[in-house]
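First the structure, in the form of structure tokens, and then the observations on it.
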Amino acid sequence: MDLEQFNSRIRADNRVRAGSDLHEFMMKAAEDAKKEIVRMTRIYYPPSGIRRAVSRIIGKKIDESVTIFTPFYTDFGLNLDLGRDVFINSGCCFQDQGGITIGDGTLIGHQVVVATINHDPDKRADMILEPVVIGKNVWIGSHATILPGVTIGDGAIIAAGAVVNKDVEERTMVGGVPARFIKKV
């Protein structure tokens with residue numbers, strides 16, 4: 001199985017059954033990502049080296065305008081799409097099996113979690129994958145969590161510590177647990 005086949009099957013049915021060939025593909029990609037992440041966290045890399053390492057993890061070259069502070073974690077890597085001028089602060093954890101798209105100019109604070117997996121309440125080892133789409137020029141505060149299936153509109157602001165469980169309109173500030181509308185920006 002390759003990434004194209006994996007993504008095609010996920011688009012058709014967003015469920016991954018434990019022990020299936022989809023699950024095995026995910027586990028192999030996770031092992032590959034972990035190897036590179038361990039190297040990145042044990043050795044100093046200059047910014048260009050971090051970009052090269054993350055490019056190896058995600059399987060495509062990221063733009064030179066992208067800044068990523070380590071430690072940086074992804075438990076799949078292959079479904080992470082980074083725009084230009086993206087800034088990712090240290091300690092972020094991306095669970096990108098379902099797909100994470102981050103638009104140009106987005107700023108992501110310390111220890112932000114972006115998750116694309118839920119579990120089936122009846123068969124807890126089975127996973128349900130839903131993409132997360134983060135628009136352009138979004139600002140996500142430290143320790144925020146973005147849950148599966150969420151789309152964040154261009155220019156939105158996510159307050160520190162927020163848990164975002166539903167879509168956020170463009171140029172809107174949200175905060176809290178769960179995140180609620182604060183104001184238009």
For residues Ile57 and Val38: do they belong to one hydrophobic cluster (side chain heavy atoms under 4.5 Å, members Ile, Leu, Val, Met, Phe, Trp, Tyr)? no
Could you walk me through whether Val168 and Ile158 pass the side chain to side chain contact (heavy atoms under 4.5 Å, CB included) test, one step at a time? CA-CA 9 Å; Val168 177; Ile158 309 303; 4.0 Å; yes
Same apolar cluster (I L V M F W Y, side chains within < 4.5 Å links), Ile50/Tyr44: no
Side-chain contact test, heavy atoms from C-beta onward, threshold under 4.5 Å: evaluate it for Asp104 versus Asn137 and give yes or no. no
Polar side-chain atom of Thr101 near backbone of Leu82 as donor-acceptor pair, under 3.5 Å: no
How many angstroms lie between atom CD1 of Ile108 and atom CD1 of Ile88, to the nearest 0.5 angstrom? 5.0 Å
Give me the other members of the hydrophobic cluster that Phe76 sits in, counting Ile, Leu, Val, Met, Phe, Trp and Tyr linked by side-chain heavy atoms under 4.5 Å, directly or via other members. Met1, Leu3, Phe6, Ile10, Val16, Leu22, Phe25, Met26, Leu78, Ile117, Met127, Leu129
How far apart are the closest heavy atoms of Val138 and Gly135, and which atoms are they? CG2-O, 3.5 Å
Gap between atom CD1 of Ile68 and atom OG of Ser90 - 0.5 Å precision: 12.0 Å
Test question: given the 4.5 Å side-chain rule for I, L, V, M, F, W and Y, name all other residues clustered with Leu107, or answer none. Phe69, Phe87, Trp139, Ile157, Met173, Ile182, Val185
Enumerate the residue pairs fulfilling side chain to side chain donor-acceptor pair (under 3.5 Å) with a member in residues 4-16, sequence neighbours excluded, ordered by first and then second residue. Asn7-Asn79, Arg9-Asp21, Arg15-Asp120
Least distance between heavy atoms, Ala144 atom then Ala159 atom: CB-O, 4.0 Å
Separation of Asp75 CG from Thr116 OG1 (nearest 0.5 Å): 7.5 Å
Say whether Thr74 and Asp96, considering side chains only, have a donor N or O and an acceptor N or O under 3.5 Å apart. yes
Could you work out, with side chain to side chain donor-acceptor pair (under 3.5 Å) as the rule, every residue matching Asp63, not counting sequence neighbours? Ser65, Arg84
Which ILVMFWY residues can you reach from Leu147 by hopping between side chains whose heavy atoms are under 4.5 Å apart? Val163, Val177
What is the distance from atom CZ of Arg52 to atom CD of Glu64, rounded to the nearest 0.5 Å? 10.0 Å
Which atom of Met40 lies closest to which atom of Val54, heavy atoms considered: SD-CG2, 4.1 Å
Side chain to side chain donor-acceptor pair (under 3.5 Å): pairs with one or both residues in residues 146-175, sequence neighbours excluded: Thr172-Lys184
How about Pro47 and Arg51: do any of their side-chain heavy atoms sit closer than 4.5 Å? yes
Would you say the side-chain atoms of His143 pair up with the backbone N or O of Gly161, donor to acceptor, closer than 3.5 Å? no
Test side chain to side chain donor-acceptor pair (under 3.5 Å) applied to Thr145 - qualifying residues, sequence neighbours left out: none
Could you give all pairs that pass the salt bridge (charged side-chain N to carboxylate O under 4.0 Å, His left out) test and reach residues 37-48, with sequence neighbours left out? Glu36-Arg39
Say whether Val132 and Tyr73 are linked into one hydrophobic cluster, either directly or through other cluster members, by side-chain heavy-atom distances under 4.5 angstrom. yes
Enter the distance from Ser20:OG to Glu24:CD here, rounded to the nearest 0.5 Å. 7.5 Å
Say you draw a straight line from NE2 of His110 to SG of Cys92; how long is it, rounded to the nearest 0.5 Å? 8.5 Å
So do the side chains of Asp85 and Val66 get within less than 4.5 Å of each other, counting heavy atoms only? no
Identify, with sequence neighbours excluded, every residue that meets salt bridge (Lys or Arg N to Asp or Glu O under 4.0 Å) alongside Lys34. Glu31
What residues form a salt bridge (Lys or Arg N to Asp or Glu O under 4.0 Å) with Arg180, not counting sequence neighbours? none
Which residues share a salt bridge (Lys or Arg N to Asp or Glu O under 4.0 Å) with Glu130, sequence neighbours left out: none
If you define the side chain from C-beta out and look only at heavy atoms, does anything of Thr70 sit under 4.5 Å from Tyr45? no
Using the salt bridge (Lys or Arg N to Asp or Glu O under 4.0 Å) criterion, which residues pair with Lys60? Sequence neighbours excluded. Asp81
